[in-house]
Amino acid sequence: MAETTRTVVIAGRRFALRSTQVERRLRGVLPEPLTDHFVVINRRRYPPKQVIEVLTGLDRAEFTTHHARRILSGLGFPAGRRSSTTGRGDQRPAPDGRPSAPASTSRPRSPRVATTGRPSAEDLEPVVGQWVATKGSEVLVAAPEPRAVVGWLAVHRRHADSMFRVPGEPFQAGGAAPL
């Protein structure tokens, strides 16, 4: 992502934000559970208010979700909204983090057959090599260590159907040892 800088006013205070600063500050920060809106930073979906709070130290009551989303979109981060019927966003970022067209304007996609209730390879691609907790076909959280995943679930009072490490190499998925 190219460097983008914006000066914004939030709760009467002026902040100079840079896209690279946002990416750096959120490395290692686990996203909180999504409710409606999200932004994609470092190939992960974050609630916009969480991001602005981390960047500014402001209390979340001092700004709206829409204001946070508008600021982050202005810095070049893809934003979307979860669908109330499927639990998935209207706007699905491409694997490289760029936004795709909203579902209402893009050509129709064939529906996924969710016979197993597990996340698709496309959903797991951004978290290769990490531990994940899933519920149905949704990835709840991903972290480098299983302890962080369990801690996140406990803090947010969430229950997962499964927890596993997403293989980073084909031989890890198949169980074969490297030569």
Side-chain angles (χ1 to χ4, degrees), residues 1-94 97-105 119 123 126-127 130-161 163:
M1 166 182 281
E3 174 76 88
T4 304
T5 303
R6 296 272 192 267
T7 301
V8 297
V9 176
I10 309 170
R13 295 176 56 191
R14 186 174 302 278
F15 297 92
L17 301 176
R18 291 187 319 273
S19 56
T20 54
Q21 167 199 28
V22 174
E23 291 170 337
R24 236 185 349 266
R25 290 287 304 274
L26 288 173
R27 281 196 188 109
V29 175
L30 293 177
E32 293 175 359
L34 299 176
T35 52
D36 282 332
H37 299 273
F38 64 87
V39 291
V40 180
I41 300 169
N42 297 330
R43 301 178 72 180
R44 296 181 120 175
R45 293 179 180 189
Y46 288 88
K49 282 188 137 188
Q50 178 188 9
V51 175
I52 295 298
E53 179 186 49
V54 167
L55 294 173
T56 65
L58 293 172
D59 186 273
R60 294 179 193 194
E62 297 186 68
F63 54 92
T64 67
T65 299
H66 294 289
H67 190 200
R69 184 176 161 171
R70 192 169 35 253
I71 290 166
L72 296 165
S73 294
L75 287 168
F77 296 105
R81 184 174 182 156
R82 289 172 49 121
S83 168
S84 60
T85 57
T86 64
R88 293 204 166 303
D90 302 345
Q91 188 174 9
R92 184 171 191 82
R98 291 187 329 247
S100 62
S104 60
T105 61
D123 292 333
V127 294
Q130 295 190 36
W131 286 86
V132 297
T134 64
K135 183 148 189 96
S137 61
E138 181 181 8
V139 175
L140 297 174
V141 63
E145 300 293 327
R147 181 179 300 161
V149 173
V150 172
W152 185 95
L153 291 168
V155 165
H156 297 288
R157 295 183 177 154
R158 299 291 298 263
H159 297 278
D161 294 334
M163 184 175 140

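The figures here come from the full heavy-atom set of this structure, side chains too, leaving out hydrogens, waters and symmetry mates.
- Between Ile41 atom CD1 and Arg25 atom CZ the span is 11.5 Å, to the nearest 0.5 Å.
- Across Pro119 and Gly136, no two heavy atoms sit closer than the pair CD-O, 3.7 Å.
- Distance check: Asn42 CG to Glu23 CD gives 5.5 Å after rounding to the nearest 0.5 Å.
- Between Phe15 and Thr7, the closest side-chain pair of non-hydrogen atoms is not below 4.5 Å.
- Across all their heavy atoms, Arg81 and Phe38 have their closest contact at N-CE2, 3.6 Å.
- Here the straight-line distance linking atom OG1 of Thr65 with atom CG of Asp36 works out to 8.0 Å at 0.5 Å rounding.
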Residue pair Leu72, Ile52: steps toward the side chain to side chain contact (heavy atoms under 4.5 Å, CB included) verdict: CA-CA 8 Å; Leu72 296 165; Ile52 295 298; 4.1 Å; yes
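- Contact of the Leu17 side chain with the Thr5 side chain is not registered, since no non-hydrogen atoms from C-beta on lie closer than 4.5 Å.
- Side-chain contact between Val149 and Gln130 is absent, with no heavy atoms from C-beta onward closer than 4.5 Å.
- Here CD of Glu138 is found 10.5 Å from CG of Asp161. Values are rounded to the nearest 0.5 Å.
- Put simply, CG on Leu26 and CD on Gln50 are 7.0 Å apart, with the number rounded to the nearest 0.5 Å.
- Checked options Val150, Leu30, Val127, Val132; the residue passing with Val141 is Leu30 (criterion: side chain to side chain contact (heavy atoms under 4.5 Å, CB included)).
- Using a distance-only test at 3.5 Å, with no hydrogens or angles considered, no donor-acceptor pair links the side chain of Lys49 to the main chain of Asp59.
- Of the possible donor and acceptor atoms, none in the side chain of Tyr46 sits under 3.5 Å from a partner among the backbone N and O of Leu34.
- A salt bridge links Arg60 to Glu32: one of the charged nitrogens lies within less than 4.0 Å of a carboxylate oxygen.
- The minimum heavy-atom distance between Arg69 and Ala79, with the atom names listed, is NE-CB, 3.5 Å.
- Taking 4.5 Å as the limit, some side-chain heavy atom of Phe77 sits within range of a side-chain heavy atom of Ser19.
- Inter-residue side-chain proximity for Met163 and Pro146 is flagged as met; some heavy-atom pair is nearer than 4.5 Å.
- Each side chain to side chain donor-acceptor pair (under 3.5 Å) pair with one or both residues in residues 9-18, not counting sequence neighbours, would appear here, but there are none.
- At a threshold of 4.5 Å between non-hydrogen side-chain atoms, the residues Thr134 and Leu140 do not count as touching.
- One finds the CZ atom of Arg6 at 10.5 Å from the OG atom of Ser73 (value rounded to the nearest 0.5 Å).
- A search for side chain to side chain donor-acceptor pair (under 3.5 Å) contacts involving Arg158 returns nothing, not counting sequence neighbours.
- In terms of heavy-atom proximity, Pro47 sits nearest to Pro33 at CG-O, 3.8 Å.
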